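Encoded as structure tokens, the structure appears first; notes follow it.
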Amino acid sequence: MSTITVKAYGAESTTADLKEMNIERREVTSKDVEIEILYCGVCHSDLHTARNDWGGSLYPVVPGHEIVGRITKVGSEVSKFKVGDLAGVGCIVDSCGHCDSCQHDLEQYCLNGFTGTYNGKDKHLGGHTFGGYSQKVVVDSHHVLKVPENLDLAAVAPLLCAGITTWSPLKHWNVGSGSKVAVVGLGGLGHMAIKLAKGLGAEVTLFSRTPGKTEDAKQLGADHVVISTDEAQMDSVKGKFDVIIDTVPYMHDVNPYVATLNINGTHVLVGYLGGLEPILNTVPMIMGRKSVAGSVIGGIAETQELLDFCGEHNIVSEIEMIKMQDINEAYERMLKSDVRYRFVIDMQSL
């Protein structure tokens, strides 16, 4: 298969800083589009994969799965897009297309495993996929998204991971006008959960460990802030919430939050992978038909629904723009939660 060489930024090993390198992209096939990348969001998953925190990283790693750009080439069978269109690529660039999940637009739960935008199995060139820290990307058009022209393009990029990660559970658990939603943690995921839940018409509460984020949360759309370390405040919201979106990325005690769920309420974990300690107390669950659940990103159709909704309601992420050459410093700042609330790379700097 013919290839093109493009500039990228990636890591050669677990301990190496990211640096400029050349990678190969396939030439456009009949079903592909080629996208010149304008902006790429920076996700915690990028850092974890570059440093092999989860194991299984394939080097060189070129991260980036929050991609916004313009289409520069289209394949002969592509009718959905044309050259010059704005386009987005999220966390998925391929899936089997025929399993039950894929048939129901749930590519994120592909029973044969979806192909990640980076560190996935490259079905075309062999080896593994490379992400959006690069000049261009070539993707099967089914996995490419239309980006609303009216939005700040740089601030759209994080919608393709942080946005859809919070949108998918809000939609699955039928959040709408009159719903009472709580969000645990005000970061890249949490600030999007507040904006989207509010956009859907919910009454939104932020759970925070400290009062310092109260003003910011209310500017983002939160109606209330509850300090989770204050026992009296936690008691005051017992039995209140229909849905809790828990964005905390490390082990934490979910039992106090379960107590704040209404009958039939659901606590959804979107930020943490791993075992829970202290152990989950099932008594309030059984006595109130409450659930603790998990959710990941959305499928292609659901992500397009999110982008369309954000275009209609003028919802984007709160971002700090950086140059590609500043990515290693940005990773260190991410580890300290020193960003409000998402880094986005201006790819012209590459």
Side-chain angles (χ1 to χ4, degrees), residues 41 43-45 66 90-91 108 155-210 213-228 237 240-250 252 254 256-258 260-262 265-273 291-298 302-303 305-310 312-319 334 337 339-343:
C43 177
H44 268 90
S45 300
E66 299 177 348
C91 304
Q108 74 273 34
V156 165
L159 299 179
L160 297 164
C161 180
I164 187 57
T165 297
T166 49
W167 174 260
S168 188
L170 290 171
K171 292 296 288 184
H172 180 75
W173 276 279
N174 299 312
V175 167
S177 179
S179 297
K180 291 180 171 59
V181 173
V183 177
V184 186
L186 185 60
L189 293 175
H191 94 284
M192 285 310 312
I194 290 173
K195 287 190 172 193
L196 294 170
K198 191 65 178 177
L200 287 165
E203 179 185 328
V204 183
T205 298
L206 173 71
F207 282 120
S208 179
R209 293 180 59 82
T210 60
K213 293 186 176 180
T214 297
E215 184 178 344
D216 212 13
K218 291 193 173 180
Q219 287 179 353
L220 292 166
D223 299 289
H224 315 285
V225 176
V226 171
I227 306 305
S228 58
V237 291
K240 176 174 180 176
F241 300 112
D242 303 306
V243 177
I244 298 173
I245 305 295
D246 185 338
T247 71
V248 176
Y250 48 79
H252 57 290
V254 303
Y257 302 112
V258 172
T260 70
L261 288 170
N262 196 352
T266 304
H267 181 109
V268 189
L269 295 158
V270 299
Y272 172 63
L273 300 170
S291 303
V292 174
S295 181
V296 71
I297 54 171
E302 192 171 48
T303 307
E305 175 190 55
L306 163 67
L307 290 173
D308 294 344
F309 179 87
C310 289
E312 292 167 12
H313 294 81
N314 198 31
I315 295 173
V316 290
S317 297
E318 302 294 315
I319 67 166
M334 282 170 60
S337 299
V339 57
R340 185 188 181 277
Y341 281 98
R342 207 76 167 184
F343 287 119

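Values in this document were obtained by computation on a predicted structure and should not be read as measured data. FYI, the numbering just counts along the sequence from 1.
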- Task: Output the distance between atom SG (Cys161) and atom CD (Glu66), rounded to the nearest 0.5 Å.
- Result: 5.0 Å
- Note on the structure: Residues at least two apart in sequence or cross-chain that pass ring-ring contact (aromatic ring centres under 6.0 Å, His included) with Phe241, listed by chain then number, are Phe207
- Message: Can you give me the closest heavy-atom contact between Ala193 and Ile245, atom names plus distance?
- Response: CB-CG2, 4.2 Å
- Query: Looking only at atom types and distance, does a side-chain atom of Ser208 sit under 3.5 Å from a main-chain N or O of Thr210, one as donor and one as acceptor?
  - Reply: yes
Let me have the donor-acceptor pairs involving side chains of residues 197-204, under 3.5 Å, with sequence neighbours excluded, atom names and distances please.
unit_1, atom_1, unit_2, atom_2, d
Lys198, NZ, Asp223, OD1, 2.7
Lys198, NZ, Asp223, OD2, 3.1
Glu203, OE2, His224, NE2, 3.0
Glu203, OE2, Lys240, NZ, 3.2

- Verdict with reasoning, His267 to Leu261, per side-chain contact (heavy atoms from CB on, under 4.5 Å): CA-CA 8 Å; His267 181 109; Leu261 288 170; 4.0 Å; yes
- Single hit among Val296, Val181, Val268 for side-chain contact (heavy atoms from CB on, under 4.5 Å) with Pro169: Val268
- Message: Walk me through whether Asn174 and Val243 qualify under side-chain contact (heavy atoms from CB on, under 4.5 Å).
- Response: CA-CA 9 Å; Asn174 299 312; Val243 177; over 6 Å; no
- Note on the structure: When rounded to the nearest 0.5 Å, the distance separating CE of Met192 from SG of Cys310 is 5.5 Å
- Message: Does Lys171 form a side-chain contact (heavy atoms from CB on, under 4.5 Å) with Glu302? I'd like the steps, not just the answer.
- Response: CA-CA 9 Å; Lys171 292 296 288 184; Glu302 192 171 48; 4.0 Å; yes
- Please state whether the rings of His252 and Tyr272 are parallel, tilted or perpendicular, taking 30° and 60° as the class boundaries. perpendicular
- Query: Does CD in Gln219 sit with more than 12 non-hydrogen atoms of other residues, nucleotides or ligands closer than 6.0 Å?
  - Reply: yes
- Message: Between Val292 and Leu269, is there a side-chain heavy-atom distance shorter than 4.5 Å?
- Response: yes
- Query: Would you say Thr247's side chain and Val184's backbone share a donor-acceptor pair under 3.5 angstrom?
  - Reply: yes
- Is a side-chain donor or acceptor of Ser168 paired with a backbone partner of Ile164 at a separation under 3.5 angstrom? no
- Item | Pair Asp246-Val254, side-chain contact (heavy atoms from CB on, under 4.5 Å): steps then yes or no | CA-CA 9 Å; Asp246 185 338; Val254 303; 4.0 Å; yes
- Any chance you could measure Ile194, atom CD1, to Ile315, atom CD1, to the nearest 0.5 Å? 12.0 Å
- Would you check if the side chain of Thr166 reaches a backbone N or O of Ala162 as a donor-acceptor pair within less than 3.5 Å? yes
- Find the distance between NZ (Lys213) and CG (Leu220) and round it off to the nearest 0.5 Å. 10.5 Å
- Task: Output every pair passing ring pair (Phe, Tyr, Trp, His ring centres under 6.0 Å) with a member in residues 160-198, not counting sequence neighbours, ordered by first then second residue.
- Result: Trp167-Phe309, His191-Tyr341
- Message: Just verifying a value: how many Å separate Ser45 OG and Ile297 CD1, rounded to the nearest 0.5 Å?
- Response: 9.5 Å
- Nearest 0.5 Å please: distance from the CG atom of Leu306 over to the CG atom of Leu160. 8.0 Å
- Taking all atoms of both residues into account, what is the closest heavy-atom pair of Leu189 and Gly271, and its distance? CD1-CA, 4.3 Å
